[in-house]
Amino acid sequence: MDYSFKSAWWMRNRHVQTILPRFFRPFHKVPVCFEELNTPDGDFLELAWAPQKKTKAPIAIILHGLEGNINSFYAKGMLNALSNHGFNTVLMHFRNCSRAPNKLARAYHSGETSDLAYLVQTLKQRYVDSPLYAVGFSLGGNVLAKYLGEQQHNSGLSGAAVISAPYHLSSSCQVIRQSCYGLYQKYLLDRMKKSFSRKLPTIQSVLPIDKNTLNNLNDLWQFDNLITAPLHGFKGAEDYYQKASAQSYLKTIQTPTLLIHAKDDPMLSTQAIPDQGQVSGSVKLAVSEQGGHVGFIGGKNPLKPQFWLEQIVPHYFSSLKVTDKSR
């Protein structure tokens, strides 16, 4: 199958590719069962399981983007697409993105891989005969790529797909601050402030921040510098960006991995575009000229948009299953 993306003629603008897809499926729902997985540090991870196909079917883990959840259009779409291709699918909500705020004075960030590692370990123990796969979007893609590079041959995954990941966080933050007249920054910050306000009393036990200070944060770098970084043990925003970026880990990935990226992504810098010299031999690059950020909408008919990601990722995982069986 051709891994090159061709944009729909009516969606060649990068902002349209990024913004419009969420409006194509206003009533698109996927039935899920929620599970609270207790973590070793006394907190929990909320999992959203699609109805299971077969006991020994392969399992696909889905990781959402910044402030995403099971209701994100791309998450629902991929959950449904992989389920239709015979996978048992589960979305892992990052801490504080679930229906209830997490218990501890911490949340999640672009480089937090321990929760993913714990989930993989748990699923490997529960479903001994089921191979595991994972797909990560945006921030979730950076988490997945970093995890793969850290674990190398011990990832526990038979395959992975990373979509629109901010491999170079510092420069990508600057792009988000300015892109589309600040629309993306405002959208993300509004969601982040709402999310963190749910657990402000818990955060105040470790950070000197009040409700007014939180509500008045209107800059992504400032939010990361005052909250994300110190809350998770970093010296500041730039220290966090440098240590959490997955770019330096791409060279050590040993799991078969598909990296999908668009050169016109309006939320990521050109420094985040992966090239062949930055990745290992286990990585397949699918870098297109167009596609926006987690967009990749194709098709000739505006009334019947084609969600290319929901075609290419299941195909890639299925091709890996065939390869495994032939060995």
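Everything quoted here is computed from the prediction, not taken from an experiment. Note that the numbering runs from 1 along the sequence shown for the chain.
Remark: Arg99 engages Glu46 in a salt bridge (Lys or Arg N to Asp or Glu O under 4.0 Å) (not counting sequence neighbours). Not counting sequence neighbours, His85 has no partner by the ring pair (Phe, Tyr, Trp, His ring centres under 6.0 Å) test. Residues meeting the salt bridge (Lys or Arg N to Asp or Glu O under 4.0 Å) test with Lys194, sequence neighbours left out: none. For Asp219, the salt bridge (Lys or Arg N to Asp or Glu O under 4.0 Å) partners are Arg177, not counting sequence neighbours.
For the side chain to side chain contact (heavy atoms under 4.5 Å, CB included) test with Pro274, the passing option among Ile260, Val162, Val283, Leu259 is Leu259; the others fail. Applying the side chain to side chain contact (heavy atoms under 4.5 Å, CB included) test between Tyr108 and each of Thr228, Leu45, Leu139 identifies Leu139 as the sole match.
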From CA spacing to verdict: side-chain contact (heavy atoms from CB on, under 4.5 Å), Trp308, Ile297: CA-CA 6 Å; Trp308 180 75; Ile297 301 299; over 6 Å; no

Verdict with reasoning, Arg95 to Asp41, per salt bridge (Lys or Arg N to Asp or Glu O under 4.0 Å): CA-CA 12 Å; Arg95 300 196 195 201; Asp41 61 354; 3.0 Å; yes

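Each ring-ring contact (aromatic ring centres under 6.0 Å, His included) pair with one or both residues in residues 173-219, not counting sequence neighbours, appears once here: His15-Tyr184, Phe196-Phe223.
Between Glu112 and Lys146, none of the side-chain N atoms (NZ, or NE/NH1/NH2) sits under 4.0 Å from a carboxylate O, so this pair counts as no salt bridge.
Between the side chain of Thr89 and the main chain of Ser83, no donor-acceptor pair closer than 3.5 Å is present. In this structure a side-chain-to-backbone donor-acceptor pair under 3.5 Å is present from Ser318 to Pro314.
Residue Tyr241 is found in a hydrophobic cluster whose other members, listed by chain and number, are Leu169, Trp221, Phe234, Tyr240; membership requires side-chain heavy atoms under 4.5 Å apart, directly or through intermediates.
A heavy-atom distance below 4.5 Å is not found between the side chains of Thr202 and Leu104.
The aromatic rings of His93 and His64 are tilted relative to each other, their planes meeting at an angle between 30° and 60°. Using the six-membered ring where Trp is involved, Phe307 and Phe24 have ring planes that are perpendicular, over 60° apart on the 30 and 60° scheme.
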